[in-house]
There are 2 protein chains.
Amino acid sequence: MGRKRIKPGKVRLTEVAALAGVSPITVSRFFRNPDTVSAGRRLRIESAAKDLGYVPNLAARALASQRTEVIGVLIPSLTNNVFSDVLRGIYDAFEGSRYSIQLANTRYSVLQEERLLRLFLMQKPAGLIVTGVDQTAEGRAIVQAADCPVVQIMELGTDPIDMMIGFSHVDACSAAISHLLAQGCRRIGFLGARMDPRVQRRLQGYQNAMKEASLFDPRLIVTTAVPTSTTMGGSLFSDLLLKAPDLDAVFCANDDLALGVLFECQRRHIAVPEQIAIVGFNDMEFMASAVPTLTSVRTNRYEMGLRAATMVMDEIEGREVTQRVVDLGFEVIERQSSTLSRAATAGPAPGERASGTKW
Amino acid sequence: MGRKRIKPGKVRLTEVAALAGVSPITVSRFFRNPDTVSAGRRLRIESAAKDLGYVPNLAARALASQRTEVIGVLIPSLTNNVFSDVLRGIYDAFEGSRYSIQLANTRYSVLQEERLLRLFLMQKPAGLIVTGVDQTAEGRAIVQAADCPVVQIMELGTDPIDMMIGFSHVDACSAAISHLLAQGCRRIGFLGARMDPRVQRRLQGYQNAMKEASLFDPRLIVTTAVPTSTTMGGSLFSDLLLKAPDLDAVFCANDDLALGVLFECQRRHIAVPEQIAIVGFNDMEFMASAVPTLTSVRTNRYEMGLRAATMVMDEIEGREVTQRVVDLGFEVIERQSSTLSRAATAGPAPGERASGTKW
DNA sequence: AGCAATATTGACAGCGCTATCACGCAGTTG
DNA sequence: CAACTGCGTGATAGCGCTGTCAATATTGCT
């Protein structure tokens, strides 16, 4: 036979219904859609629920209704501040809504991502937000099987699973390099850490821009698979100086590296931007406050999270999402670290600043 | 009568059982405890499940078993890097375990915290990790009603709900001030932003230390309710200079502020540490890389998350947790920004450095 | 071989909630 | 006055899984 009897202290919908003198289904309706219950019963149910300290059982609700109000969110890293901004947007958007967020961390691994997607599936999520466009075929299949709205964030791509919001890392980086070229820089280094797909694309943008200007030189590129950090910025920069002593600018694939480069320049008494210009990526808050202030590429991370979440909600709730692929763009914020006053007057003069070692 | 018939494509335990030629309960066991099923059936079930693409239904499992494998985690902020380190520890600890994390953000509001705890209750979490010790009475009651292991993190207190892991913010700050006093600093400022309970306690530690040294002066304290940022560090420091022009050191309630102070000093050509010593709090990665390197109070945030998570798991799984209140301590990491060479030889000399405005 | 101890397996009855359909009752409508 | 509409309500039958306990197969031991 079955299991042991119901625990006496347990408060279920039924208990509330009994106390309020209505049927359980009415109480159920009250909790999901108070308007559909008449005012009199509404009050009785409300007070009964409060008296008994009733708490709805989400598992039972999910099982009976065959759906949940869980949004799965997959990001590659918790440490990377970039994602905390995106997350803040996501959490803000769902704030006060009935949805709750299930966050998981892929650690930049597509296999891990696959595993986590499989886990999400068991929850029958109402929506999914995933990072990037580089899911495995298997991963895409799993997402598709979830049969719910999906938004890919952080990047743009030609083949969205469902919806997509991001910007072009290639173009953003090219724009930063163009800015440096316009300032008269010629020996522009590239520093990258972690080298996840997005950083790879920034590197691609760098290469495109440098090749187009006929200034490409592989010795100008220093990268590492190690995660980014300020200290790493300093080390990579030191390596770069060894490989390319005639450097006149550094593009850093993110702002932590840029800060590390700035510190290393201070340490070596290299004048910024006079001897070396610095440009970062993401425009973290501290960039505007450094001495000199640091140029960076602003990316709309908070807005990305916010809008991704809104797109998911709209889709779930049947509101038509017309713009299913959103390019949020970027902006090169020019600050002291890359602004060479002479550039404004003389304009870029090829070779002008590439005059060998300057320290 | 009931509802419409079962959708044909749906794969349940029953379908897998039928294909494998065993009873549903055996399949259930296979998924939860493969060892309890004989090898032969194990293989048959495994291949049947794979063939059908079976995905367990967590809601049904939770309902039937009356428990979940969800750990609720409540933190005040996603933006504050301090918490991302803690979170990393938590996520790492649960990595590969059967538990999943439900993260929510209280935004430094105890009412919000209460609301979120109530939401967590509906999920019947297997464990709870909450930040700080300042829950409302109502909040504590809700947590208690959850009837699961609870760990309070980030702080220590005399009245733990269940388990607790953290360190004394009062002592940590006092230690930092003592260090500055030992360096001969006398006019030590305090900069704080956000002023959440933990920052308040650091302020308390500052006051204790300064009063004990008979050096307390309210003009040395500048705080704001606004969230912390590097830029804010610069502004607060500027305010402080106006109120106390004879300043010889600044303790910053966190490292972002300290970085802002450093930049502001560079901007004003104030020598660090000769004219003004700087000490931060948390020992973020960039502190060691700044020029000069910045002194800070190291707090073991990653370990805190890791161990909090481990404590919850141990408790859930019936392993006895003997140390239910863990003091993780702290360490003042002395770096260039607060190391006055003369202090080592001459020792602290009262009034020596408090010789009025120096810039 | 005989029997107890152990390892596997299965039948049954829910877990607490909601989808579905049915129904009563006011207010309309022709 | 019958037929119709629509709201508010309720009865019923599961949603897909697992706890419980009984039944059966296997093993070890005398």
Side-chain angles (χ1 to χ4, degrees), chain A residues 1-45 49 52-69 98 121-124 126, chain B residues 1-45 49 52-69 98 121-124 126:
Chain A
M1 64 222 63
R3 62 190 62 189
K4 70 161 168 260
R5 294 293 84 204
I6 299 156
K7 286 171 233 155
K10 191 168 283 184
V11 182
R12 307 191 314 271
L13 216 46
T14 317
E15 275 70 35
V16 178
L19 182 59
V22 299
S23 77
I25 189 71
T26 304
V27 180
S28 169
R29 278 196 265 262
F30 166 78
F31 280 104
R32 288 175 297 155
N33 244 319
D35 317 333
T36 60
V37 176
S38 64
R41 287 168 202 244
R42 205 147 56 205
L43 290 172
R44 297 221 307 282
I45 295 171
L52 296 172
Y54 171 70
V55 176
N57 181 323
L58 279 191
R61 178 178 289 181
L63 179 58
S65 69
Q66 298 282 67
R67 57 197 162 69
T68 65
E69 281 157 1
R98 58 224 181 87
L121 253 195
M122 314 199 336
Q123 312 209 26
K124 299 191 176 298
Chain B
M1 65 223 63
R3 62 190 60 191
K4 70 162 169 261
R5 294 294 82 202
I6 298 157
K7 285 170 234 156
K10 192 169 282 183
V11 182
R12 308 192 313 273
L13 215 46
T14 317
E15 275 70 33
V16 178
L19 183 58
V22 299
S23 75
I25 189 71
T26 302
V27 180
S28 169
R29 278 196 267 263
F30 166 79
F31 279 105
R32 289 175 297 156
N33 244 317
D35 315 333
T36 61
V37 176
S38 63
R41 287 168 200 243
R42 204 147 58 206
L43 290 171
R44 297 221 307 284
I45 295 172
L52 296 171
Y54 171 70
V55 176
N57 181 323
L58 278 193
R61 178 180 289 181
L63 180 59
S65 67
Q66 298 281 67
R67 57 199 165 66
T68 63
E69 282 159 358
R98 59 223 179 87
L121 255 196
M122 313 199 336
Q123 311 210 27
K124 300 192 175 298

Open item on the list: Run the side-chain hydrogen bond (donor to acceptor under 3.5 Å, both in side chains) test against Thr68(B) and tell me which residues pass, sequence neighbours left out.
Closed with: none

Task: Partner set under side-chain hydrogen bond (donor to acceptor under 3.5 Å, both in side chains) for Gln123(A), not counting sequence neighbours - done: none

- [ ] Under 4.0 Å between any heavy atoms, over every strand shown, what does Pro24(A) touch: base, sugar-phosphate, or nothing? Just pick one.
- [x] nothing

Open item on the list: Base, sugar-phosphate or nothing for Tyr54(A)? Non-hydrogen atoms, less than 4.0 Å.
Closed with: sugar-phosphate

Give each protein N/O atom lying under 3.5 Å from an N/O atom of nucleotides 5-9 of chain C, with the pair distance.
unit_1: dT9(C); atom_1: OP1; unit_2: Ser38(B); atom_2: OG; d: 2.5
unit_1: dT9(C); atom_1: OP1; unit_2: Arg41(B); atom_2: NE; d: 2.4
unit_1: dT9(C); atom_1: OP2; unit_2: Ser38(B); atom_2: N; d: 2.9
unit_1: dT9(C); atom_1: O3'; unit_2: Arg41(B); atom_2: NH1; d: 3.1

Task: Rounded distance (Å) that lies between atom P of dG16(C) and atom CD of Gln123(B) - done: 17 Å

TODO: Grab the CG-C1' distance between Asn33(B) and dC17(D) for me, whole Å please.
DONE: 16 Å

TODO: Output all residues satisfying side-chain contact (heavy atoms from CB on, under 4.5 Å) with Ala20(B), sequence neighbours left out; order by chain, then residue number.
DONE: Val22(B), Arg44(B), Ile45(B), Ala48(B)

Open item on the list: Looking only at the side chains, is there a donor atom on one of Arg42(A) and Ser38(A) sitting less than 3.5 Å from an acceptor on the other?
Closed with: no

TODO: Indicate yes or no for a side-chain donor-acceptor contact from Asn57(A) to the backbone of Ala59(A) under 3.5 Å, with no hydrogens or angles considered.
DONE: yes

Open item on the list: Keeping Ser65(B) on the side-chain end and Arg61(B) on the backbone end, is there a donor-acceptor pair under 3.5 Å?
Closed with: yes

Would you mind telling me which of [options] lies closest to the side-chain atoms of [X]?
X        : options                   : answer
Asn57(A) : dC17(C), dT18(D), dA19(C) : dC17(C)
Gln66(B) : dT18(D), dG16(D), dC15(C) : dC15(C)
Ser65(A) : dG19(D), dA19(C), dC17(D) : dA19(C)
Ser28(A) : dG16(C), dT18(C), dC17(D) : dT18(C)

- [ ] Ignoring backbone atoms, establish whether Arg12(B) has a side-chain N or O less than 4.0 Å from OP1 or OP2 of dG16(D).
- [x] yes

Task: Distance below 4.0 Å between Arg42(A) side-chain N/O and dG8(D) OP1 or OP2 - done: no

- [ ] Would you mind reading off the bend of the helix from dA1(C)-dT30(D) to dG30(C)-dC1(D) from its two end axes, five pairs each, to 10 degrees?
- [x] 30°

Distances for protein N/O vs nucleotides 23-27 of chain C N/O pairs under 3.5 angstrom?
none

